[in-house]
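In each ligand, atom 1 is the first atom listed, and ligand 1 is the first ligand listed. Note that this is a predicted model, so its numbers are computed, not measured.
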Amino acid sequence: MVEVREWTRDDTARLFRVPTADDDKYARGVVALRTGSPAYPGAAVLGVEAAWRTGAGFVRYVGAERVADAVLARRPETVAGADVGRSRIDAWVIGSGTDPTDRDDAEQAALEAIVAGDAAVVIDAGALDLAGKARAPFLVTPHAREFARLQEQLGISTSEEDRASAARRTADRVGGTVLLKGARTLIASPDGGVIAVDAGTGWLATAGTGDVLAGVLGAVLAANQGRPIAEVAAAGAWIHGQAGRVAAGMSDGGTGHPIVAMDVAAALPQAIADVLA
Ligand SMILES: NC(=O)C1=CN([C@@H]2O[C@H](COP(=O)(O)OP(=O)(O)OC[C@H]3O[C@@H](n4cnc5c(N)ncnc54)[C@H](O)[C@@H]3O)[C@@H](O)[C@H]2O)[C@@H](O)CC1
Ligand SMILES: Nc1ncnc2c1ncn2[C@@H]1O[C@H](COP(=O)(O)OP(=O)(O)O)[C@@H](O)[C@H]1O
């Protein structure tokens, strides 16, 4: 059994800060998302919203025109365009709301260039197959079914291991940090540590909350360059769980109520205020 560290609110607080007079929009972190597709435009909208709501200073978006239009309709603050890759980027988010079987050669080349770059990359959903090509610092964010597919791709046997050992072994094999989503999210780094973050509410089990998480992770990575990716990711997962609890009306205890993914994104500022308090 691998050792598992329980992540706390105090641990999370160390990775968030109040902007000072010395900050500008770049100093707070520039996040770029290449997410969503005509089949899943909402995933792009949710990830962009979440990156802004987590406190990014600048959010860029690149994707199909129809998807970019939806992103801009919701968040006109976003800078969209095909030349995003030539601008300053502190962290990328790729894969949410995409299907690898729909990927054309141009998209393949663009994604490969992102994972071969210097900026940290959140590799989600439909981009998980690219983890093996990554040279940038990266974080893969599978849910249980995606995790099983990733293990299969890497030739890892899926027999009887506990989740922590399986995440640890996958991180080792893929050469990057693995964030295995669930009610209890596990974050494993190639150097051997595993961190656990309890979401604290089952109301998060609803479509699109993973797309929100990917945007959160992009923003926290952009704001915390040079810090251990697993700890930054754990802080992002904790804030996402807290936003779920706030959105579901559980701040004062209680059982809560149904939420949609955009409610989680909308509650991120309050969740951050809670850890900064
Ligand atoms: N609003 C949006 O645009 C959303 C986009 N999403 C995107 O949708 C894509 C697919 O993600 P998934 O998480 O669905 O991929 P999964 O690998 O979980 O599911 C793949 C397929 O299997 C089916 N399936 C899975 N579990 C099932 C079950 N228990 N019972 C019956 N059928 C089951 C689903 O219908 C789906 O078509 C990703 O790119 C993801 O980012 C989702 O995040 C949901 C929200
Ligand atoms: N039962 C649950 N309790 C708490 N959190 C959950 C539960 N199920 C899922 N989550 C969280 O909700 C999010 C779901 O992500 P994901 O499965 O990728 O959804 P989607 O692809 O629809 O966006 C993850 O952050 C996960 O940790």
Side-chain angles (χ1 to χ4, degrees), residues 7 33-51 54 61 63-64 66-71 73-74 93-103 107 111 122-130 139-153 158 163 167 178-188 195-220 233-248 250 255-265 267-268 271:
W7 192 258
L33 297 95
R34 192 175 182 112
T35 54
S37 57
Y40 303 111
V45 177
L46 289 163
V48 165
E49 177 81 14
T54 306
Y61 177 76
R66 169 158 117 68
V67 186
D69 286 348
V71 165
R74 171 75 195 184
V93 180
I94 61 173
S96 319
T98 67
D99 181 341
T101 62
D102 290 341
R103 198 185 292 154
E107 187 62 12
L111 292 172
V122 178
I123 304 179
D124 189 30
L128 288 167
D129 62 299
L130 293 166
L139 171 67
V140 291
T141 56
H143 59 49
R145 286 174 298 280
E146 290 164 341
F147 184 65
R149 286 197 289 269
L150 184 61
Q151 285 182 300
E152 198 179 318
Q153 236 174 62
T158 53
R163 284 174 82 233
V178 172
L179 181 151
L180 172 55
K181 292 182 277 198
R184 184 169 163 83
T185 290
L186 297 176
I187 299 133
I195 300 175
V197 182
D198 271 314
T201 173
W203 294 115
L204 275 168
T206 182
T209 51
D211 306 320
V212 170
L213 177 67
V216 170
L217 294 170
V220 290
W238 196 94
I239 279 292
H240 180 262
Q242 176 69 4
R245 297 189 289 274
V246 170
M250 297 171 68
T255 52
H257 53 67
I259 51 177
V260 294
M262 192 60 92
D263 297 338
V264 181
L268 286 162

Report summary line: Under 4.0 Å between heavy atoms, the region of Ala183 that gets near ligand 2 turns out to be both

Requested in this report: Heavy atoms only: give me the nearest Gly36-Ala44 pair and the separation to one decimal.
Outcome: CA-CB, 3.9 Å

Query - Protein residue, atom and distance nearest to atom 27 (O) of ligand 2, heavy-atom basis - result: Gly182 O, 2.8 Å

Query raised in the report: Heavy atoms, side chains only, cut-off 4.5 Å: are Arg184 and Val197 in contact?
Result: no

**Report entry** Polar side-chain atom of Asp198 near backbone of Gly200 as donor-acceptor pair, under 3.5 Å
**Finding:** no

Query raised in the report: Going by the order shown, which atoms of ligand 2 are within less than 4.0 Å of some heavy atom of His240?
Result: 25 (O)

**Report entry** Min side-chain heavy-atom separation Glu107-Arg34 under 4.5 Å
**Finding:** yes

Query raised in the report: Between CZ of Arg149 and CG of Leu128, what distance do you get to the nearest 0.5 Å?
Result: 8.0 Å

Query - Beyond-backbone contact of Asp124 with Asp211, side-chain heavy atoms, under 4.5 angstrom - result: yes

Query - Residues in contact with ligand 1, criterion: heavy atom under 4.0 Å - result: Tyr40, Gly42, Ala43, Ser96, Gly97, Thr98, Ala125, His143, Arg145, Arg149, Ala207, Gly208, Asp211

**Report entry** Element-labelled atoms of ligand 2 that are located less than 4.0 Å from some non-hydrogen atom of Asp211
**Finding:** 23 (O)

Query raised in the report: Tell me, do His240 and Thr185 make a side-chain contact under 4.5 Å, heavy atoms counted?
Result: no

Report summary line: In ligand 2, the atoms that come under 4.0 Å of a heavy atom of Ala207 are 22 (O)

Query raised in the report: Quick one: does Ile123's side chain get under 4.5 Å of Leu139's, heavy atoms only?
Result: no

Query raised in the report: Which atoms of ligand 2 are found less than 4.0 Å from any heavy atom of Thr185?
Result: 27 (O)

Query - Top protein contact for atom 4 (C) of ligand 2, by heavy-atom distance - result: Thr201 O, 3.0 Å

Report summary line: Between the CG atom in Leu213 and the CG atom in Leu204, the distance rounded to the nearest 0.5 Å is 9.5 Å

Report summary line: When Val178, Thr141, Leu179, Val140 are each screened for side chain to side chain contact (heavy atoms under 4.5 Å, CB included) with Phe147, the one that passes is Val178

Report task. With heavy atoms only and a cut-off of under 4.0 Å, state how Leu204 meets ligand 2: side chain, backbone, both or neither. Result -> both

Report summary line: Atoms of ligand 2 under 4.0 Å from any heavy atom of Ala199, numbered from 1 in the order shown, are 4 (C), 5 (N)

**Report entry** Identity of the nearest option to atom 17 (O) of ligand 2, non-hydrogen atoms only, from Arg245, His143, Lys181
**Finding:** His143

Report summary line: When distances are taken from atom 7 (C) of ligand 2, the protein heavy atom at minimum range is Ala205 CB, 3.8 Å

Query raised in the report: By number and element, which atoms of ligand 2 are closer than 4.0 Å to a non-hydrogen atom of Gly208?
Result: 20 (P), 22 (O), 23 (O)

Query raised in the report: In the protein, which heavy atom is nearest to atom 19 (O) of ligand 2, and how far is it?
Result: Gly210 N, 3.5 Å

Query raised in the report: Does the side chain of Leu268 come within less than 4.5 Å of Val216's, by heavy atoms?
Result: yes

Query raised in the report: Closest non-hydrogen protein atom to atom 12 (O) of ligand 2, residue and atom name please, with distance?
Result: Thr209 OG1, 3.2 Å

Query raised in the report: Are Asp69 and Arg74 close enough for a salt bridge, meaning some N to O gap below 4.0 Å?
Result: no

Query raised in the report: With a 4.5 Å limit on heavy-atom distance, are the side chains of Leu186 and Ile195 in contact?
Result: no

